[in-house]
There are 2 protein chains.
Amino acid sequence: MTTKDRILEAAAKLFYREGVRAVSVDAIAEQAGVTKRTLYYHFRSKDDLIAAYLEGRDQPNLALFQRWFAEAEGGLPEKIEAIFRNLAKSARHPAWKGCGFLRTSVELVEFPGHPALVAGRAHKKHVEDWLSEVTGDRQTARQIILLMDGAFAVVLLHRDPSYLETAGAAAARLAAAPAQPAST
Amino acid sequence: MTTKDRILEAAAKLFYREGVRAVSVDAIAEQAGVTKRTLYYHFRSKDDLIAAYLEGRDQPNLALFQRWFAEAEGGLPEKIEAIFRNLAKSARHPAWKGCGFLRTSVELVEFPGHPALVAGRAHKKHVEDWLSEVTGDRQTARQIILLMDGAFAVVLLHRDPSYLETAGAAAARLAAAPAQPAST
DNA sequence: CTATGTATATTCACTGGTGAGTATACATGA
DNA sequence: TCATGTATACTCACCAGTGAATATACATAG
């Protein structure tokens, strides 16, 4: 594992756990076991590091959703609901802190053009595109995304993962009977 | 208007615009036209001020939803959808930055017991309780909340208020046909 | 009806600490 | 000997919170 990878891994861990603003570059360097100067050799700035953190989460995150969907029994509504059930299970872990993409978009609300937000938008679009494919309907895909992201926010606030199951039930119902006949 | 009110008003404006972490106590004092020491005479700490900011938003926010609901034509689904339509209109204003409660809960994720988060949870519960009343079903109320909070997050990320209308359509459908016969 | 005391409200100037980022030097393998 | 990578030790800006003093208003005792 290269030094650069170790730095990114340390950054990702701390950024997710505490938020991108709360974590100092010094703390990341220490966690990675390098000096701050070395960190700045591999990354141009803290903002660069934040962007790299989110870019690195796009694929694994999407792949996880796809695996949960593929491995679930039943028809489309059941498979959609399975994603939420798995999310609820994750959310019961004490280290769970919601969606890193959404949280970063809040922390960087003053900088709408920040590269990390560009990466965040791309990620959410990838999920939406994939859901459009499997549901055959963009509107339904968006409503599922809205339920999921809403659940991230609400569960983080109340620390009550059961909202993810409530969201899953709603998503399953919307997937079972799309508003207008399928139209990707 | 008292000095204390002016400080709180200044804090609320800056906290909503830039986020509670990004705003310095000095900036609030300057905006309020007092010295920092005066600010600390009226508020014990910055955390106190953050809590006061959210506590002050609870009632006005809820009242706004209730007004939008009351003033809308049509049955329950139409009235629910009207709330989202009004939110979408607000979100088109360039100063709109999502939901202050949810954003603060992200910014203070490291401090789950923070008084501002207690105020945030209370507010969301008030909205949920009111929606339970008007829909006659807690599950439906929660799903509407999930759609609304999801839309706050997604619209903030993509800067595309149309997601609020998509959420409104889903909320109307769920309100029109609750999963199980009404049970508050 | 003045002198003294006290509570409220405000100011200026400061501190200890932390933040991101850098100047410079040293190592080491190709 | 040159590019790559790492370290020590720094700069400079900012930030939450404080110490000490002051202004103002209003008591009430002499």
Side-chain angles (χ1 to χ4, degrees), chain A residues 1-55 103-104 106-117 119, chain B residues 1-55 103-104 106-117 119:
Chain A
M1 194 181 202
T2 68
T3 301
K4 186 166 180 176
D5 287 340
R6 264 189 303 126
I7 294 168
L8 187 54
E9 187 183 73
K13 176 177 163 180
L14 295 178
F15 282 157
Y16 181 74
R17 191 168 71 193
E18 299 169 31
V20 298
R21 291 194 92 119
V23 172
S24 72
V25 174
D26 292 83
I28 297 166
E30 191 185 337
Q31 172 80 33
V34 299
T35 64
K36 188 158 56 160
R37 200 59 188 86
T38 299
L39 184 153
Y40 275 102
Y41 177 79
H42 292 284
F43 295 92
R44 253 190 44 256
S45 64
K46 183 183 177 184
D47 287 321
D48 254 40
L49 204 41
I50 297 171
Y53 150 57
L54 287 188
E55 280 156 15
R103 281 174 51 207
T104 304
V106 165
E107 295 200 77
L108 302 182
V109 72
E110 301 160 277
F111 315 101
H114 195 293
L117 299 191
Chain B
M1 196 183 201
T2 69
T3 302
K4 187 166 180 174
D5 287 341
R6 263 190 302 124
I7 294 169
L8 187 52
E9 187 183 73
K13 175 176 165 183
L14 295 179
F15 283 156
Y16 181 74
R17 192 168 72 193
E18 298 168 32
V20 298
R21 291 194 92 119
V23 173
S24 73
V25 174
D26 292 84
I28 296 166
E30 191 186 336
Q31 173 80 32
V34 299
T35 63
K36 185 158 56 162
R37 203 67 185 80
T38 299
L39 184 152
Y40 274 102
Y41 176 81
H42 292 284
F43 294 92
R44 253 191 41 260
S45 64
K46 184 182 176 183
D47 287 320
D48 254 39
L49 203 42
I50 296 171
Y53 150 58
L54 288 188
E55 279 155 17
R103 281 174 51 207
T104 303
V106 166
E107 295 200 79
L108 302 181
V109 73
E110 300 160 278
F111 315 103
H114 195 291
L117 298 191

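Each chain gets a letter, A, B and so on, in the order the sequences are listed, and its residues count up from 1.
- Residue order along DNA chain D, read from the 5' end via each residue's closest nucleotide, puts Tyr41(A) first among Thr35(A) and Tyr41(A).
- You won't find any donor-acceptor pair under 3.5 Å spanning the side chain of Lys46(A) and the base of dG21(C), going by distance alone.
- OP1 or OP2 of dC15(D) has at least one side-chain nitrogen or oxygen of Ser24(B) nearer than 4.0 Å.
- Rounded to whole Å, atom P of dC15(D) lies 11 Å from atom CD1 of Ile28(B).
- For CD of Gln31(B), the number of neighbouring non-hydrogen atoms (other residues, nucleotides, ligands) closer than 6.0 Å is greater than 12.
- For the pair Gly33(B) and Lys36(B), nearest-nucleotide mapping onto DNA chain C gives the more 5' position to Gly33(B).
- Between the CG atom of Asp5(A) and the P atom of dG5(D) there is a distance of 12 Å, given to the nearest Å.
- When the P atom of dG19(C) is taken as reference, atom CZ of Arg21(A) falls 13 Å away, rounded to whole Å.
- Separating the NE2 atom of His42(B) from the P atom of dT11(C) is a distance of 9 Å, rounded to the nearest angstrom.
- Note: CG (Leu14(B)) to P (dC15(D)) measures 12 Å, nearest angstrom.
- Using a 4.0 Å cut-off, no side-chain N or O of Ser45(B) falls inside it from OP1 or OP2 of dA16(D).
- For the pair Val34(B) and Val23(A), both in contact range of DNA chain C, the more 5′-proximal nearest nucleotide belongs to Val34(B).
- Residue Leu8(A) comes nearest to Phe43(A) through the heavy atom pair CB-CZ, 4.3 Å, listed as atom of the first residue, atom of the second, then distance.
- One interatomic measurement links the two molecules: CG of Leu39(A) to P of dG5(D), which rounds to 14 Å at whole-angstrom precision.
- Atom P of nucleotide dA9(D) and atom CG of Asp26(A) are separated by 15 Å, given to the nearest angstrom.
- Atom CZ in Phe15(B) sits roughly 12 Å away from atom C1' in dA16(D) (whole-Å rounding).
- For Ala32(A) against Ile7(A), the heavy-atom pair with the smallest separation is CB-CA, 3.8 Å.
- Here the side chain of Arg21(B) pairs a donor or acceptor atom with the backbone of Glu107(B) at under 3.5 angstrom.
- The base of dG17(D) is not paired with the side chain of Arg37(B) by any donor and acceptor separated by under 3.5 Å.
- Between Ala51(A) and Pro115(A) the shortest heavy-atom distance is CB-CB, 3.9 Å.
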